[in-house]
Every structure is written in structure tokens, then in C-alpha cells.
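Basis for what follows: all heavy atoms, side chains included, without hydrogens, waters or symmetry-related copies. The residues of the chain are indexed from 1 along the displayed sequence. Since we're looking at a predicted model, the values are computed, not measured.
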Amino acid sequence: MNKIQKVALRQQAVYIPATAMNGAAGMNPDTALLVANMARLGFGVTERLLRALEKTDAATQAQILEQLRKVMGTDLNWAPLVKNWSVPTGESYADHIITYFANLLGLTGGTKLACGCLIPPHTFPLDRYNGCPFCGTPLETAAIEDYGQNKKLRVLDLWTLEDAEQYLENLLASRTALDATQQSSLRRLLTELPLPEGKIAMRETAVTVIDILIKQGRAEKAQVLFNTPTDILRYLWFKHTGFLQLVAPKTIIARMQRNNVGPRGARQDQSAKTAAAASLKLKYRREDALIAARWINGLSMDAAKICADMHPKRQMWVRFIRALRLPEYSKRAGFEHLRTILDKFYREDYDVWQGRLDQFRLRHDASSTFYLLQQRPGLFARSLFANMLWFGPEVTIEAFSKIADQVPARLLFTLQMYAEYYFDPASTRVVRPLGGTAKSLSANRLLALYTAEELEQMQRAVAGLCLEVTRKRFAAIPAAGRTMYIDPALYKIPLAIGDRSEQIQDLPAALMGTRFPLQGNTIRLFMQWGKGLPAQHLDMDLSCLISYEAHVDYCSFSRLQTTGCKHSGDIRSIPNQVGTAEYINLDVEQLAAAGARYVTFTCNAFSSGSLVPEMVVGWMDSRHSMRISNKTGVAYDPSCVQHQVRITRGLAKGLVFGVLDVAARDIIWLEIPYEGQVIQQLNGNNVAGLLKKLEQKLTIGQLLEIKAAAQQMQLAGTTGADEVYTAQWALDTAAVTQLFVD
């Protein structure tokens, strides 16, 4: 039940199976206490959920409350370094220098702390600290003191077994790649519910299903989910690295080596490269190797086509063929197909499709290039903009229009959204290479060959073609009625295409680019890390970058106070098992008066390595003032949390997790990993470029308007319409992708 309960909470609901609702109806003291405790955590209940809770026993209610407390981290340590950190401690660089030499020279006098540091007299005011102000080691822990300060509750609805089964089907049928939250939910549901019949739309989704089948001892059932050898390679690489995408080994090694930066940007440790390479070495048991050999032997494709599909990842395949002992298994009876594949692969007795395409393209042979691209509509769509600049817009659009009806809807929407963004010579594009961090690219040089009018015509041609194909697809579907209601909130929620999140959202999930309007004038960033880990040096930093018209400022461990920002102090070690916390207060009124435009929220791993798993970052907001404990400095109240994410295993050294638009008074949720030990290494152009890219995205409301116009439906202002699309419906982003008519 707990596994499904966590998935339900991400959908802003509480899961209660029908078997648990066997009590008498009517309010009882246990239910009233549960609702009151949920309100302290910032959760409310609908009438439907309340009636269901009344029928549950005390044990079920205790499980629900425990799950909510676990998600909100109420049993962790939330004490920062400084008590009542909104009031300056008066510490200075001189205090640190004096303390450094006092410990270096072994002087006596002063206060000896439990961490071993000697604090000389007349330096740090020790009564203001929960730990050592010199080495950043916490010596005291503290629990949450204030609950329920925000009276605006996050209302939860009832989730039944039927809802869980439907959500599982939607995840499997999603026409876009699942983000980390959806992948986590899929795994949880598949361990509790049977695998439903139906086609799995995305390859990454199939990898997760295959992994569950193998854990259940049903490896033979996975054969039907492998269509190409790349699908097999994707699964094998996922099991080895945890990445659902085929991130090259050299990319992983380079990222891990760059992350292993010592304090103050010290020289990189070459042993990190050796350790990373060693961790990627392949070694398989014979039982596992035999399973993989059967999968490859069971592929229905022609051997030459299989080899051509393997060619782009030839170096990886060579390593896997050796590790899996495939030449040995190919000599066995029944593995004739595998023997033919290996023979052709090693002799390179096959044609490489990409090589032929590049050859024709370099020769400027448009007809031959488009003939090949029309065989792969998806690749044609991904290279459409570049081909328009290379061959000319008219001939390219004409060739693409012949196969546009075969292009997946998600690619059509992507083309329509980013045409203006791509064909702008003054724009700076933000891209993220597979396994890498965000990078800024200047506009395509070929744009300089065209006039502004020609570029504008290209934008209109792409947008017009994509919208026309989309309208035809919607028009071919019978309408459910004559009227449609679109919740105004859907016009602020972008479509789930690209920019997938790699971090998990345990609260109701939001798509990248979603805007959260402010309730008050104070924003409180928080970061909690070290949960479940033994006491050790583990230095993570919470920071923010303030962008003005002509300059930037920052607030971090090295600048605890600046205009409109206050930091709770730099913690460099964690206590045993319960972790520790840092905060930053943002005064929106003060920032606006100073002329700030944006405030970027970041977290960084100052210690060698990447961001520690299970770290939680987010922000709090409340219409009313949020208190800071004078006794312990704890400033966390779960009821005030507007959004939070949990860091999972990855390669990020630094992460942007939100941007405050000061003038608009809202916070934009986004996720940008970057290579930075400190916030000063953040490239502000990457953030600005991604914000511009997100602004170009088509919203759910806009897509529904296109659907209504194509099906000749009238937009209604009330939920009494024939088709109703609410913000609650949009929480299931996998269900939203059913609008992507292919």
C-alpha cells in the first residue's frame, strides 16, 4: 500500500483500497485527529476523501499520516548553523583568520568544541551557533517547531485501485519519455499491480518494464519488447549505469573526473578517472550472458539491418560482445542467427544508412538526401531546420510535407514551438548533450545567408505545416460533444515535450516551465541533505544568483548577506543519519526596489563528487510571515512548502532548481545541471536561454484550443461542457500525451 500511496501523493491524492474502507460511516475522533495533523503539514482533504477516511481503521490512518510525514521530512534534522539567522552574528574574515592561526599554532585559551576546534575569545559569538562556526560541523540537532503557518492547504483527493490501474496504463502508453518521477511511479506500480495488456509507446518505458519482468523471473516475456539491438543495448547499459539513455562511457568518465574537484578548485584527482573507468568495466555471469545471447538471436530483423543498427554504437557493442561471451554462444546449436550477425558485424559487411545520407548531403544532392530522410520521418523532423538552411526552404518543406502525416505528434509540436526560436539570428540556443550539462550555442551561421523576411517566411512555413497536420489529425477523430471547457490554469502549463526532469518530485509533480505565483513577500529556499548517512564531512551548498540590468550579485556561504538575501550559514559536515539543513531568505520587496530582475536558485557539491543522493531542495512561500526559531534557528514548516525535488543518482555537480521572476512575482520551476563547485561558475546565459526556450513552448490550453477548432467544438466557461479539462486532469502528464494523435 505504501508504494502506491507515494504515487498517489504525486497525483495530489491519497490511496485507499476498497478493502480498507470497511468501517461505519460518520466522523470519529481518529479521523478528526488525522485531518488536523494533515492540515499541520499543509494538506487538506476533499469531501470524497473525508468520507472514505471515516470508513478506515486507525492502523490505515496511521500509515497515511506516516507516509505524509516521511515525504515532508518531519523526522529529519532541520537545524542550520546559526540560531535566529535573520539577525547577523557579526562574524568577520578576521575571526576566521585568528581562529585558523590559533589552531595551527596549538595555542591555548578560548573554548574547545567537540569537533576539536579551538575558538579564541572575542571572535565568534558561540551562543549564536548550533555547531562550530570555523569548520562548519553541526553539534546540535533540532526538530521542526512551527507547523501550519500557511493556511492555504494543498487539497488531496481520493485515489482508488481503479485510479492506480488507469494511471499505470497511462504511463505505459505515454507518447513522451517519462521523467524521473514518472519512472519511479512506474516501478512502484509494477511491483504492486499486474502488467496490463497493451503497447508500450516509448523505449525508455519498455526498459523499465523489462527490468521488472527479469526481477520477477520472466526474462522470456521480455523478448517481444526488443525490436532492435539498440533496445537490448539500452537495457544492458541501464542495468550497468542506471541511465535510461545511451550515455557514452567517455562522457560519464569525463563528468565524474571533473566533479572530483578538491576544495577551493584544487587540481583534479587523476585517481577519479581511474575509478570511474573501473566502475564501467563489464562483467557478466554466464546465466545473464545466455539471456542476452537469446535476446539477440531472437531478433526478427535481417542480420545486415541488425549490424547497421549496431554501427552507431560500435565501440560499445565490441565491449559488450566480449563481456557477454557472444562468440562462444554463437557456436551452439540454435544460435545460427547470432552467428551470422557477429560474422557480418566483425567483417563490416553491411551498409551504413547515416554514411550514405552524409555523402549525399555533402554533395548537395537534395533529391537523394530527402529520399533517404523520407524513409525515417522522425530523423527528417529533427533535422528539418538545418536542411531548410542547407538546401533551401521551398524544396525542403515540399519533401517534408509528403511524410509529415507519419511524424510523431510530439515532434510536430516541437517544430512548431521552436521555429521562431531557431530562425532568430540574434538568439542564443541552449542545448544539453546526452549526459552533459546545458551549453549555449550561437545561432546557425547559415542564417546569415538569408534576409529577415526569408527567415520569417521559414518560421511561418514550419508553423503552418505543423498546425495543419495537427488539425487534420484532430478532425479525423469524432468529437465527444459540442462544447469544451478549458481550465485557465492550463494556459500556464507547458506540454511535456523535452526538458525531462532527472530529479524526483514527491509532492504533486510539475512540468518544467510551470510558474508558481507568490503568496507573500518572502521566499525561503531550503536544502536538506545527509539523510540515512553516517556522520562525515559532506559539504553541499545552497546559493542564489541575483541578476540586475547591468550586473549580478550572489548570496552563498561566502556572502551570507546581500541586498534582499540572508543565508543561514555554511555547514560542511553532517550528523549521523538525520542530515542537516541550510536556508536562504529572499525579500521580494527589497529585491524589486533594488532593481533585481531574476533570482536563480542553485545547489552545489563543494565536496569532491556530485550532488549527494536523497538531497531535498525547494522553496517555501506563505501569505503570512514565516517564523525562524530563536532557540535553534529551524525555519522549515512543511505547510509552507510550495515545491520541492529530491536529488537522485546522477552526474550533476551543480543544479539550478528554480528562478524567481521579480517583476512578475512568480517562481519558474526548471532544472539545469551545470559543472560548478560554487555559484560563481554558473553561466547566466544558459539560464536566460532556457527561460526563452520555455516561453516558446506550446501550453496544454493552446493545444486544446487547436483540438476544439479542428473538431468544431465551442469553448464553454463552465465545467458543464461535454469535454472538461481541469488542472487536476493535467497532473497526470502521461494522460495529457493522449492528445498527441499520431
**Asked** Do the two ring centres, one from Trp669 and one from Phe657, sit under 6.0 Å apart?
**Response** no
**Prompt:** Ring centres of Phe740 and Phe413 under 6.0 Å apart?
**Reply:** yes
Pair [X] + [Y]: basic N to acidic O under 4.0 Å:
X	Y	result
Lys70	Asp75	no
Glu192	Arg188	no
Arg515	Asp661	yes

Beyond-backbone contact of [X] with [Y], side-chain heavy atoms, under 4.5 angstrom:
X	Y	value
Arg154	Gln12	yes
Ile504	Arg10	yes
Thr228	Leu233	no

**Prompt:** Using 30° and 60° as the class limits, which term best fits the ring planes of Tyr235 and Phe238: parallel, tilted or perpendicular?
**Reply:** tilted
**Message:** Which residues pass the salt bridge (charged side-chain N to carboxylate O under 4.0 Å, His left out) test with Lys215, not counting sequence neighbours?
**Reply:** Asp211
Flag for [Y]-[X]: side-chain donor and acceptor within less than 3.5 Å:
X	Y	value
Ser610	Asn259	no
Tyr491	Gln702	no
Tyr636	Gln528	no
Gln503	Ser501	no

Nearest 0.5 Å, what's the [atom1]-[atom2] distance between [X] and [Y]?
X	Y	atom1	atom2	result
Ile667	Thr514	CD1	OG1	12.5 Å
Asn170	Asp732	CG	CG	4.5 Å
Ile647	Leu655	CD1	CG	5.0 Å
His643	Gln505	NE2	CD	4.0 Å

**Fill in**
Paired with Pro638, the side-chain contact (heavy atoms from CB on, under 4.5 Å) test is passed by just one of Tyr147, Trp78, Phe43, namely Tyr147
**Message:** Could you check whether atom CD of Glu287 has more than 12 heavy atoms from other residues, nucleotides or ligands sitting under 6.0 Å from it?
**Reply:** yes
**Prompt:** Under the 3.5 angstrom rule, does the side chain of Arg473 hit a backbone N or O of Val741 as a donor-acceptor pair?
**Reply:** yes
**Message:** Show the nearest heavy-atom pair for residues Leu495 and Ile700, with the distance to one decimal.
**Reply:** CD2-CG1, 3.8 Å
**Item:** Test side chain to side chain donor-acceptor pair (under 3.5 Å) applied to Gln644 - qualifying residues, sequence neighbours left out
**Value:** none
